[in-house]
**Q** 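Take this structure first; my questions come after.
What's counted below: heavy atoms across the whole structure, side chains too, no hydrogens, waters or symmetry copies.
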Amino acid sequence: MPPSPQPFLRRPWQNGRIAGVPWRPLLLLGGGLLLLIFFFGQKGQIHQSRLKQQQSRLKGEIRVLENQETQLQNEIQLLQEDPGYREKVAREEWGYKKNDETVYYLKRESQP
């Protein structure tokens with residue numbers, strides 16, 4: 001028996017069809033499906049770009065918080081070591097006064 005010209009196909013290739021099924025639309029459908037998964041899937045490009053934007057935003061927030069932490073650490077150090085600064089904070093922020101002092105609160109006129 002002579003070998004068949006297409007030994008791996010059970011049905012012969014006929015006019016752009018394998019076993020009577022057109023292969024081009026199936027190939028296009030499969031390629032389109034792969035593109036959809038690539039762009040819109042759970043790990044697709046759109047999701048990845050959103051994650052990168054979120055990452056850069058969070059890194060910016062971290063920098064701001066680190067700067068605030070440094071400022072607060074400096075203020076803690078001043079409050080612990082500098083009695084003049086402690087007195088200034090107590091007077092300005094908490095309204096403390098010495099026993100023989102009188103504190104006047106001036107009301108500013110609202111500007112038109």
Side-chain angles (χ1 to χ4, degrees):
M1 179 173 198
S4 72
Q6 300 168 342
F8 299 108
L9 297 176
R10 293 182 185 208
R11 291 187 170 170
W13 177 277
Q14 299 170 349
N15 299 327
R17 296 173 179 247
I18 299 175
V21 178
W23 62 274
R24 284 186 184 145
L26 291 177
L27 184 64
L28 290 173
L29 181 65
L33 184 62
L34 287 176
L35 285 174
L36 284 174
I37 291 171
F38 179 74
F39 284 109
F40 298 106
Q42 186 176 6
K43 295 185 179 186
Q45 289 297 313
I46 293 173
H47 183 68
Q48 294 295 324
S49 66
R50 286 183 186 151
L51 288 177
K52 286 181 182 180
Q53 289 173 350
Q54 183 180 10
Q55 181 184 28
S56 64
R57 181 181 51 81
L58 290 174
K59 283 182 179 180
E61 288 180 23
I62 288 172
R63 275 188 245 109
V64 168
L65 291 173
E66 286 173 345
N67 289 338
Q68 287 178 355
E69 179 188 18
T70 303
Q71 291 172 353
L72 291 173
Q73 290 293 338
N74 291 338
E75 187 170 0
I76 287 171
Q77 185 177 2
L78 280 172
L79 287 169
Q80 289 175 344
E81 298 173 358
D82 187 2
Y85 186 74
R86 280 194 300 259
E87 182 179 347
K88 176 185 173 195
V89 169
R91 288 173 176 270
E92 291 177 1
E93 293 184 20
W94 299 333
Y96 283 7
K97 65 179 184 81
K98 292 182 180 179
N99 289 335
D100 58 344
E101 288 182 331
T102 304
V103 178
Y104 295 98
Y105 295 101
L106 301 176
K107 184 177 179 183
R108 293 184 180 175
E109 292 183 26
S110 61
Q111 296 189 9

**Q** So which of His47, Gln53, Gln55 actually passes side-chain contact (heavy atoms from CB on, under 4.5 Å) with Leu51?
**A** His47
**Q** Can you check whether Gln68 reaches Leu65 side chain to side chain, under 4.5 Å on heavy atoms?
**A** yes
**Q** Just to verify, what does Arg50 make a side chain to side chain donor-acceptor pair (under 3.5 Å) with, not counting sequence neighbours?
**A** none
**Q** My understanding is that only residues two or more places apart in sequence, or in another chain, count here; which of them pass side chain to side chain contact (heavy atoms under 4.5 Å, CB included) with Leu79?
**A** Glu75, Tyr85, Arg86, Val89
**Q** If you take all heavy atoms of Ile46 and Ser49, which pair is closest and at what distance?
**A** O-OG, 2.8 Å
**Q** Going by side chain to side chain donor-acceptor pair (under 3.5 Å), name the residues that satisfy it together with Glu87, two or more places apart in sequence or in a different chain.
**A** Arg91
**Q** Mind checking the CD-CD1 spacing from Glu81 to Ile76? Nearest 0.5 Å is all I need.
**A** 11.5 Å
**Q** Any chance you could pull the hydrophobic cluster mates of Leu33, using side-chain heavy atoms under 4.5 angstrom and chaining through other members?
**A** Ile37
**Q** Applying side chain to side chain donor-acceptor pair (under 3.5 Å), name anything that partners Gln73, two or more places apart in sequence or on another chain.
**A** none
**Q** Which distance, rounded to the nearest 0.5 Å, do you find between the CZ of Arg57 and the CD1 of Ile62?
**A** 10.5 Å
**Q** Mind checking what makes side chain to side chain contact (heavy atoms under 4.5 Å, CB included) contact with Lys88, not counting sequence neighbours?
**A** Glu92
